[in-house]
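Heads up: the structure comes next, in structure tokens.
Computed from heavy atoms alone, side chains included, the values below leave out hydrogens, waters and symmetry copies.
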Amino acid sequence: MLYQIGREQLSGVPARVMEHPVKLGEQMAETNRGMIGRTRASRPAALLAPLPVMLAMLVTPPVPAQAQDQPSSQNHVLAIGICPPWHTQSLEVCRHSLEKVMTSLAPRLDADPANRHVLVNEGASAHALKLKATELANTLGPRDRLVIYANLPLGLTDTASADSASSYALELWAEAKPETTVQAISDGTWMSASAFAALVHAIPAGEVVLVLDTNNPHAVDIGLLESHSVDHKDRPEALVISSGPGQAANYSADRTISLFAKHFSIALEETDGSLLDVMTVAAGGTRQAAIPICADLKGTLALSSGPQTECAQVPEIHDPETLLSRTMLIPISETDLN
């Protein structure tokens, strides 16, 4: 092929000729005219390239299409945290939990500052979440990975079964507690678990990891993500829940941070390897730390008139496509976490 003929194949041309490329062109043109005269009858004139084009083809090979720059894969982190004002915990608990997770997780994933998204308390309304999801849907592609950490309450609809995932709603930010969960969903204040799954699927990232740090986390299970009517059938997805069905998502002993967020950030600061390695350490640390916390809360829970939840907290990891084990983290020594 013509583009395989490089400058080294012209090395046999005498130096004096190469010093006068115009003369060389004139000589070649004269030769061409003679050749064209002999072949004009049998060769269409349109097939004869001008001399400068022929020289360029001889000397400069074209750039293959696959050599053009392609966008590199990127990691994005979305942190959502809501401490409703009608709950007993301080608003700062959710803010602190998100800050600890984001400042520990983003460097290990090498997520650029522009790829770190935080929605907390007043900034985590249903409207704000939909806007952020739309932004990510217009930004992310199949080469990107999205990790979502959500620390928020999941409420049960008033007349629904606790065993049905469709019965739950994400209690997003509101100034006052809605009268009923059904009303909050219908007027767009809260979001059903099914609608949240659809929102996650509407973001065309190539891989998604969802970390739910909440009570009733089974409301958004891996089955809901995989079997939802809006689904990326071939997209690897993993789900980590901070507590099992019927269990509470505890706070730390000093009640300044989510218990799972505390041990998740500690694991990120101390454990090298894959995201699965970190999640395994975080789950174990959370389970152990919940034991004395639950012992101290036994008396309080016994006096409570509200619905009872199991104080024990055993996080679960659902990774059917080994996404977490394939997500290798930046070594701690190469981040500012050390």
Side-chain angles (χ1 to χ4, degrees), residues 71 73-81 98 101-102 105-106 108-111 115-117 119 129-130 132-152 154 164-166 168-170 191-214 216-245 249 260-261 264 267-268 273-283 314-329:
S73 59
Q74 296 186 30
N75 288 311
H76 294 251
V77 181
L78 171 61
I80 308 167
L98 260 62
V101 170
M102 181 63 80
L105 178 60
R108 297 297 307 278
L109 288 171
D110 197 25
N115 296 343
R116 306 175 188 184
H117 314 273
L119 304 177
L129 178 56
K130 291 173 185 176
K132 179 57 66 174
T134 301
E135 175 192 328
L136 294 174
N138 292 329
T139 304
L140 275 62
R143 293 175 59 83
D144 297 310
R145 178 188 294 116
L146 175 63
V147 179
I148 303 173
Y149 169 78
N151 179 287
L152 75 174
L154 279 176
S164 173
S166 61
Y168 288 88
L170 281 72
M191 184 180 295
S192 70
S194 179
F196 178 69
L199 180 141
V200 171
H201 285 306
I203 302 173
E207 298 175 348
V208 172
V209 177
L210 175 60
V211 183
L212 271 180
D213 188 4
T214 178
N216 304 316
H218 60 290
V220 185
D221 59 15
I222 195 69
L224 178 61
L225 291 177
E226 291 184 339
S227 61
H228 198 279
S229 58
V230 181
D231 188 17
H232 291 272
K233 298 299 183 184
D234 299 324
R235 179 171 76 181
E237 295 169 340
L239 173 67
V240 178
I241 57 178
S242 67
S243 59
F260 181 79
F264 186 23
L268 285 164
S274 68
L275 190 53
L276 177 62
D277 296 325
V278 165
M279 289 298 185
T280 302
V281 172
V314 182
E316 297 179 5
I317 300 171
H318 302 275
D319 188 18
E321 295 167 286
T322 65
L323 173 57
L324 298 178
S325 61
R326 291 186 286 107
T327 303
M328 301 305 297
L329 301 176

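Residues Met279 and Val211 approach most closely at CE-CG2, 3.6 Å, considering heavy atoms. Across every non-hydrogen atom of Ala137 and Ala202, the tightest pair is CB-O, 3.7 Å. Glu237 and Pro320 get closest at one heavy-atom pair: O-CD, 4.0 Å.
In this view, Glu207 and Arg145, Pro236, Leu323, Arg326 satisfy the side-chain contact (heavy atoms from CB on, under 4.5 Å) rule, not counting sequence neighbours. Remark: Thr280 pairs with no residue by the side chain to side chain donor-acceptor pair (under 3.5 Å) rule, at least two apart or across chains. Listed by chain and number, the residues in a side-chain contact (heavy atoms from CB on, under 4.5 Å) with Ala283 are Pro315 (sequence neighbours excluded).
In this structure, CG in Asn138 is found 10.5 Å from CD1 in Ile203, a value given to the nearest 0.5 Å. Separating the CZ atom in Phe264 from the CG atom in Asn151 is a distance of 12.0 Å, to the nearest 0.5 Å. A distance of 8.5 Å separates CG of Asn115 from CG of Asn75, quoted to the nearest 0.5 Å. Summarising the geometry, atom CG belonging to Leu109 is positioned 10.0 Å from atom CE belonging to Met102; distances are rounded to the nearest 0.5 Å. Summarising the geometry, atom CG belonging to Leu154 is positioned 12.0 Å from atom CE belonging to Met191; distances are rounded to the nearest 0.5 Å. Rounding to the nearest 0.5 Å gives a distance of 7.5 Å between NE2 of His76 and CG of Leu136.
Judged by distance alone, with hydrogens and angles left aside, the side-chain atoms of Ser243 form a donor-acceptor pair with the main-chain N or O of Thr214 at under 3.5 Å. Remark: the backbone N or O of Ser325 is not paired with any side-chain donor or acceptor of Thr322 at under 3.5 angstrom. For the pair Arg116 (side chain) and Ala111 (backbone), a donor-acceptor distance under 3.5 Å is present.
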Take Leu329 and Leu268 through the test side-chain contact (heavy atoms from CB on, under 4.5 Å) and record every step on the way to the result.
CA-CA 9 Å; Leu329 301 176; Leu268 285 164; 4.3 Å; yes
Applying side-chain contact (heavy atoms from CB on, under 4.5 Å), run through Thr327 and Val147 and close with a yes or a no.
CA-CA 11 Å; Thr327 303; Val147 179; over 6 Å; no
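With a 4.5 Å cut-off on side-chain heavy atoms, Tyr149 and Asp213 count as touching. In this structure, Asp144 and Leu146 have side chains that are not in contact, with every pair of non-hydrogen atoms separated by 4.5 Å or more.
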